[in-house]
There are 2 protein chains.
Amino acid sequence: MTKPTGARAAAIPALAEVFREHGYAGASLALLGERAGLGKGSLYHAFPGGKAEMADAVLDSIGAWFEAEIYSALRDDPDPHAAIRRMLSETDAYFRSGRRVCLVGAFALSDGRDRFAERIAGYFAAWRDALAGALHRAGRAEAEILAEDAVLSIQGGLVLARALDDPDVFGRLLGRLERRLCAAP
Amino acid sequence: MTKPTGARAAAIPALAEVFREHGYAGASLALLGERAGLGKGSLYHAFPGGKAEMADAVLDSIGAWFEAEIYSALRDDPDPHAAIRRMLSETDAYFRSGRRVCLVGAFALSDGRDRFAERIAGYFAAWRDALAGALHRAGRAEAEILAEDAVLSIQGGLVLARALDDPDVFGRLLGRLERRLCAAP
DNA sequence: CCGACGCTGTACCGATCGGTACAGGTCCGC
DNA sequence: GCGGACCTGTACCGATCGGTACAGCGTCGG
């Protein structure tokens, strides 16, 4: 039932979790293989490019998920406020209400920044631009500024929630964002 | 002219820079020693506890700097708005207008979170609480919420500035923060 | 029934990891 | 001039790193 590349796709979520928790440098092949349930042989069969290709695949997968679940609605939904609310609730679910960290943000901060710079920049730029478009369609002034501030706040919320070990920080932020982003024009 | 522990103190800024750029796991002893201008022997003489003690010392040094330059003024300055403005300009300088990353935030996101959890939490909690006190003294309602949002935004601003390789993101954020934090009560 | 192919475990590679041991050097009070 | 405390470079440790090679395996089409 699985395509030839099925093992690859199946392994990606586990690999993502390891990169998320340990960073690029900290994610060892031993750990990656163990958590993916794959021996080193299988791992290198599915990802001939090694660790870098695994990280590439994980970033691709994350980018595709956000594109499909969040950005596209922000761009195309005729009701921009609905798209924004959907963004907030999907974001809440994706980051497990602040208990989970943003892999792209973590990569941006430390190791792997240079290696994956374009992909990282693209991820955030797409988010900011899609959100700015929705805000613009909703008739808000300074949509770009508002969007930049929202994207940045989400990242900061994840950092602070993790640092204080208090997921509510993230929940409170999302509440504030809904008020800020869905206010009357 | 240097105290017995002079080499230790002198090495800390260089060590901090390496941890900042490579994370805890990514900062190797070879790199640490090279950048500090110290051989392995000297490094372990100054920091018998090894890498963990180096990171401890770096975190202590950062905490002390923020306490002296920012938190204490937020707590004690009779003019809370002046203290807040000072916080913003010192923050701008410290993070080189967004070109530099927050080591504590980076540690919080990936490796070293568990190892340094209390210290990381303390750093952010002190910032948030000191700022909330200043806002309260300035007569602002919901000072705690405002403070939490500001601290989180600064972290997010650093993440996004780094991710987009665009320091202006951080500068724009600081401008917004000044307006938000120093608005009329 | 068989060879080809896709997949997997395992052994192994050189490099590097964090950390230790220690021989010598430097510099001080005496 | 001397002894000793402090400091430092270097050799070395076992473990693990990312990555490779390959033999064995089951599963197919023919």
Side-chain angles (χ1 to χ4, degrees), chain A residues 1-59 103 106-107 110-116 119, chain B residues 1-59 103 106-107 110-116 119:
Chain A
M1 280 315 101
T2 57
K3 302 184 298 178
T5 56
R8 190 180 217 267
I12 287 181
L15 299 180
E17 218 56 41
V18 177
F19 281 123
R20 216 186 294 275
E21 291 168 15
H22 297 84
Y24 184 75
S28 70
L29 288 188
L31 195 53
L32 257 358
E34 175 191 330
R35 296 277 287 274
L38 256 37
K40 216 185 253 195
S42 315
L43 215 50
Y44 266 82
H45 182 79
F47 302 92
K51 204 166 143 177
E53 185 175 341
M54 297 177 212
D56 268 335
V58 164
L59 288 172
L103 190 154
F107 272 27
S110 62
D111 45 35
R113 221 281 295 206
D114 306 335
R115 221 182 302 254
F116 306 106
R119 219 179 292 263
Chain B
M1 281 311 103
T2 58
K3 304 183 301 178
T5 56
R8 191 181 217 266
I12 286 181
L15 299 180
E17 219 56 42
V18 177
F19 281 124
R20 216 186 293 276
E21 292 168 14
H22 297 85
Y24 183 75
S28 70
L29 288 189
L31 195 54
L32 258 357
E34 175 192 329
R35 295 277 288 272
L38 257 35
K40 217 184 252 196
S42 315
L43 215 50
Y44 267 82
H45 182 78
F47 303 92
K51 206 168 142 176
E53 184 174 342
M54 297 176 211
D56 268 335
V58 165
L59 288 172
L103 189 153
F107 271 28
S110 64
D111 45 35
R113 221 284 293 207
D114 306 336
R115 221 182 302 253
F116 306 106
R119 219 178 293 262

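Naming: A, B, ... by sequence-line order, numbering from 1 per chain. As a basis for the values below, the full set of heavy atoms in this structure was taken, side chains included, without hydrogen atoms, waters or symmetry mates.
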Chemist: About how many Å separate CZ of B:F19 and CZ of B:R35, when rounded to the nearest 0.5 Å?
Modeler: 12.0 Å

Chemist: Roughly, in whole Å, what's the span from CG in A:L38 to P in C:dT10?
Modeler: 14 Å

Chemist: Just how far is it from atom CG of A:L15 to atom CZ of A:R8, taken to the nearest 0.5 Å?
Modeler: 9.5 Å

Chemist: Just by modelled atom types, is the B:A27 backbone N or O under 3.5 Å from a matching donor or acceptor in the B:K51 side chain?
Modeler: yes

Chemist: What is the distance, to the nearest angstrom, from the OH atom on A:Y44 to the C1' atom on C:dG6?
Modeler: 19 Å

Chemist: Counting only heavy atoms and a strict 4.0 angstrom limit, can you tell me which residues of residues 26-35 of chain B come near DNA chain D?
Modeler: none

Chemist: Check the phosphate of C:dC7 against A:H45, side-chain N and O only, distance under 4.0 Å to OP1 or OP2. Yes or no?
Modeler: yes

Chemist: Find the distance between CD (A:E21) and CG (A:L103) and round it off to the nearest 0.5 Å.
Modeler: 10.5 Å

Chemist: For A:R115 and D:dG18, what is the distance between atoms CZ and C1' respectively, to the nearest whole Å?
Modeler: 11 Å

Chemist: When rounded to the nearest 0.5 angstrom, what is the spacing between CD in A:E34 and NZ in A:K40?
Modeler: 13.0 Å

Chemist: Separation of A:L43 atom CG from D:dC17 atom P, in whole Å?
Modeler: 13 Å

Chemist: Aromatic rings A:F107 and A:Y24: how do their planes relate, parallel, tilted or perpendicular, breaks at 30° and 60°?
Modeler: perpendicular

Chemist: Would you mind reading off the distance between A:F47 atom CZ and D:dT20 atom C1', rounded to a whole angstrom?
Modeler: 18 Å

Chemist: Whether the side chain of B:K40 and the base of D:dG9 hold a donor-acceptor pair under 3.5 Å is what I'd like checked.
Modeler: no

